[in-house]
Each structure stands twice: as C-alpha cells, then as structure tokens.
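No hydrogens, no waters, no symmetry mates; every other heavy atom, side chains included, goes into these values. Chain letters run A, B, ... following the sequence lines, proteins first, then strands; residues in each count from 1.
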Amino acid sequence: MTKYISLTNQVQLSTPSVQDYAVKVNELSHWFGEGLNRRKVLDRISMEISLGEFVLLAGPSGCGKTTLLTLIGALRRIEKGDISIFGSKLLHSSRHTRQRLRRQIGMIFQGHNLLRCLTAEQNVQMGSDLLEGLSYSARRDQARFWLRSVGLEDHMHKLPHDLSGGQKQRVAIARALAARPKLLLADEPTAALDSVTGREIVDLLKGLANDQSCAVLMVTHDQRILDVADRLLSMEDGKLLPSIG
Amino acid sequence: MRSYFWQKRRIPLAWLLLSRQPLRLFVALAGICFAGILMFMQLGFRDGLFDASVTVHRKLDADLVLISPRSMSSISMTGFPRRRLIQAMAHEDVVGISPVNWNFLIWRNPETLSTRAILTLGFEPNDLLLKDPDFTSKSKTLTNFGRVLFDELSRNEFGPIKEWFKEGKVVETELSGKRVRVSGLISLGPNFGADGNLLTSRETYLDLIPNTSPGSIELGLIRLRPDSNKGMVAKSLTASLPLDVKVLTKEGFIEFEKNYWRSSTSIGFIFTLGAALGFVVGSVIVYQILYSDVSDHLPEYATLMAMGYRLETLLGVVCREGFLLAIMGYLPAYISGQLLYLLVRNSTKLPIYMDTQKSLLIFFLILFMCMASALFAMRRLIDADPAEIF
Ligand SMILES: Nc1ncnc2c1ncn2[C@@H]1O[C@H](COP(=O)(O)OP(=O)(O)O)[C@@H](O)[C@H]1O
Ligand SMILES: [Mg+2]
C-alpha cells in the first residue's frame, strides 16, 4: 500500500479512556420475538476489542454469535446495554451516525454477497468508492491494489459467476479492506470453503488486517484456525464464557 | 469542475444492473415501447380525427359563417333561409357572401359500381368558396350542368377517379342516381365523417336533391372588409338577424366542428381511453420488472447498506434505472410511431403527424410511468433489513 488515506469522516472520540478500544460492549442483552415468543438471545455480554487486535468468537450454532456481530456492526437497534465503536456510543444514535460508523466497519459475510452484475474489480471499487476526496481513477487503482493483495490480479474483470468460492471470498475481503476500515467483522467466512482454502483465506485476512492495524472480530466454527487469533472468546446460550486466551 | 466530476463519478450501477440481465431488459423495453406505440397511435388518431374533421372548414374563403342553430356538425347540417345571408349583406363591413348547400350524396364507384356516401357542397360557380390558388378556373367548369369537382384525396373506395381524369378520360358516374361528369380535381382530404368530397353548382345540386327548397342553404359564407373587427361584426349580426341562424367566426366554426367530435361523440373518449390503457399496461410491466429487479438484488442492496452506503444513494440507483428504462424505451417507440403515422397517412389519408406537443406528452407519460414504478419498487428496498444478510 502506497499512501495512507485519512478518514475525514472519522467519528470524534468522546473520552480518552476508551480510545484504545475499537469495540467496547457493556452489559449487552438482546431479545427476539414478541409476547410469549419473546426469547433472550444475548445475556449481559461485556467485552472489549483493542485497536488492531484479532479476536475469534466461537460457540455452538444458535448461541447468538451472528446477533452480537450485527449489533456491533450497527445493523440492529440495541435493546439493552451499550456498545461503543471507536468511542462513539451506538445506543440512541441517529441513523446518520450509524451509517457513518458502518463506513469504518468492514464486513465479510458467510455468503460472499458480491454484486452479481459487477466484475471483481467493480465489486471492490464499491468499497473504495466510499472513500471521500479521491478521483475515479484513484479509487479504481485502490480496487486493483486490493485485488492484487488477495492474489486475484488475473481475475479482475470476471463476474462473480465465473469465480470459485475461495476466489469470491477473496474478492469480499478485498472489498471490505478497500474501504479502509479500522474494524473488520467476519461471520464464518470460511464456512463454505474446503479446509485448505479456508486456512489460506484466514491467513490472508490476518496478514492484511495486521498491515492495516485493523481490528478483527471473526466468528468461526472451524477448530483448525483457532491458532491465528490473538484472543479467543467462547459463547454459549447467549452468554460469554470466561476467557481462556 | 473537471476534478469535481471525477470525484463524484461512480460505477454506473443502475446501467449495469439493467444491462447484465439482457432478457429482462429486453422485456422491459418491449413493454415500454409497446405502451409508447399504443399511446402514439391512439393520440395520433384522436388528433388526426379532430384535424381532419376541419380540413374543408379551414379552406373556406370566409371571415364569418352562418349556420342553422339546429346543425350539430358537418355530418348533420340543417338548412336555414338563404334570405338571412342577403340580410347580412346590409351590414357596412360585409363585402361578400356565398350561399352553400352541404349534404351527403350517394356516389357510385365507376369501376366496381359499388356505392358510398360522399360529402357534396353546392355553390354558385361564380362565388368564392375555397382559398385555393387556381380555384376560380376550376369552379368555372361547374357552370355547365351536371359537372362536379372531385377531391383527389378522397379514399380509394370511390374509384380511380384521379388516375382516370389525369389520363384524360371522360369520368362519368352516378351521383344520387343521376349522371354527373368530373370536370376537375381539388385537394381537400377525407375525415372521420366524410370519406371524400365533391363540389358542384347549386343548380346541379338542386337537381340531385329535388326536394331541397331553392331558398334553403346549409352554410352561408361572409367576407368582411380587411380592417373590420370580426368579433364585433359577428355580435352585431347576431343581434340584427332572427334566431333561425347562428353567426360564427371561421375559427368559431372550426372549433364548433372539433368540439362536436370531442364531446358529442365517444370517439375522442375512446381514443383517450386507448392511450390510457397503453399507459396502464406499460406501468404494470415496468413496475413488475423493477420490482422483481429490486427483489432479486435485495441481499446485494442490503450488503451495500451494511457497507455504509446511504439508503438515499440506493434509492437513487433505482431512480436511475427507471430513468434509463424511460429513455431507452421511448426512442424505439418514437421511431415506430413515426413509421406508423406514415403508414396510416398513406393508407387512410388522414392527416396524422408527429408534433412536438404529442412527442413531449408521450415522453413525459413514459417518464412518469417509469419513475412512478421505480418509486413503488423502492418500498421493497426501504423494507430491506441489512441485519438479515448475515
Ligand atoms: N431475526 C430473528 N428473529 C427471531 N429469532 C432470531 C432472529 N435471528 C436469529 N434468531 C434466533 O436467535 C438465536 C441466535 O441466532 P444467531 O445469532 O444467528 O446464532 P449463531 O450465529 O450463533 O448461530 C437463534 O436461536 C435464532 O433462531
Ligand atoms: Mg450465525
């Protein structure tokens, strides 16, 4: 990466004490459903992720990992407790604030969710297009840079349709990183991949995130990739288990 | 300015969403184009009908006209006393008058011998009737008894009169059961009421319809001094003449005729309804296409929202899709419209033309159709929950 692009729309840090944290979750609880069907899926979760830290979140299916991720990603309304992203509180935040925060959070989904009508390069440029003050060609160069970084320089002009599962996930990683996030949320990015490819993808993600000093919260089932993490969190029935890392 | 453009430039997402699904795009464009053609056709016929209904009226050499208050339109003209026209002559601004008989007579096609009604005007060959360059020389031929001037733009069902006449043949046939000879050609044009037109002398006319009283006419033409105020003269004539005639300016007469077709018949309504139908069909098709387009790409739109794209940005994409569809659908509709108008002009001889008013109206109807559909399709997008894509 050649030049560092400062994020002009970075949310102001409110108190100095939290600025070491990318994410700070405080007594967060969440429910789904109405009336008799109302069910608690997250139970008083508290945790922090430091700037540049790589954290893995493991736990059985249905324990609330994805729900926690969407709450941190400002995609869902908080019901109880609070989350701070780079010192900015999400509770009672405006739609505009949440949308600005999302620009600083990269997301990688289990399904790659690439735009089918765009080539690999254009998909990644949808990420770099979020950067302000850059010309079209500069943003396209960014997209190409990230595609090279994930080893897809020969597939830039292919549509997602013509890429393998691993290649699509690489494009998704490039797209997430092209928006220069300070926090990356990944929900089982290797679930649809074979173990060798999965390992490659995680190593790639870890390397690139390290270079960018980008914090990562990755949800995974995969026992073989636990060693990449700086820290391992485990969940069960909506509760965070005492840390073992 | 230039750098601003490059900073604002984005991937043409709307265009790519449309063009990467060529079949769906084709169906959408075919639908819009079909709706456009339908609207062009219907509105074209409607306007053509209104314009054609006054081709004879426009050519009348008159400033004011007298008609019977019981006349409804050119297809049902009632007689009034010819004396009224002479009385009008007394007004100081009136410089000339022409009494005219106006009725439909049965014409026999000299080739196939089948019959058909034709609008026949009877007038004194020495009077002025139509504003036409060499009209006086043609009308002189009518001083001979049993002669008619045939409208060369009449529909082909009346026979190859124009061709035969130009070949120098003596064209004779039966009009209202009596023998007449074509002594010249004029150029007026058919309309929805009359398929063709004939001019003849009053003398011949009265012979063709023997029970017409010689003192009765259907139309009186009045020519005024050039510097006179038509409206004022019309008013003063209305005041001085009995109630068995109505005084109209020539423009008022044209409007009177158009108004008949517009309001007293359902023809105008039917064509407007046809155009509305085209609009509705087009709207349904565009809405279906845009709605399924948004639904299909919902996870992708949600992904963009999760990435930090604003809802407004994505709504803008749907808007642009609607706009692109409108432009791309309108162009072929416009071209087909032109071709169809040409076809209709050649086969029916109706004056159907593409005017700015019609082409703009239909463009905005199509644009409205596409934008409204886009607006409805957006509701689907607003409901999209970015949290559901994980
Ligand atoms: N939108 C929703 N509405 C109702 N219940 C939901 C919804 N999303 C998830 N759940 C429920 O919440 C629980 C946690 O789901 P999730 O966070 O997806 O678990 P995980 O990602 O750990 O498998 C599950 O029991 C699931 O059925
Ligand atoms: Mg999950």
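- For A/Arg95, the part sitting under 4.5 Å from any heavy atom of chain B is the side chain, from C-beta outward, and nothing else.
- Residue contact with chain B, scored on non-hydrogen atoms closer than 4.5 Å, involves the side chain of A/Leu159 exclusively.
- Heavy atoms of B/Tyr309 lying under 4.5 Å from chain A belong to its backbone as well as its side chain.
- Under a 4.0 Å N-O distance rule, the pair A/Arg39/A/Glu34 does not qualify as a salt bridge.
- Comparing A/Arg102, A/His96, A/Gln125 by how many heavy-atom pairs each has under 4.5 Å with chain B, the most go to A/Arg102.
- Ranked by heavy-atom pairs under 4.5 Å with chain B, the list A/Ala74, A/Gly73, A/Cys117 is led by A/Cys117.
- Within the model, atoms CD1 of A/Ile105 and CD1 of A/Ile85 stand 4.5 Å from one another, a figure rounded to the nearest 0.5 Å.
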Derivation and outcome, side-chain hydrogen bond (donor to acceptor under 3.5 Å, both in side chains), residues A/Ser94 and A/Thr97: CA-CA 5 Å; A/Ser94 67; A/Thr97 309; 2.7 Å; yes
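- Annotation: cation-pi geometry satisfied between B/Arg262 and B/Phe50 (NZ/CZ under 6.0 angstrom from ring centroid, within 45° of ring axis).
- With ring centers used as reference points, B/Phe368 lies 6.0 Å or more from B/Phe364.
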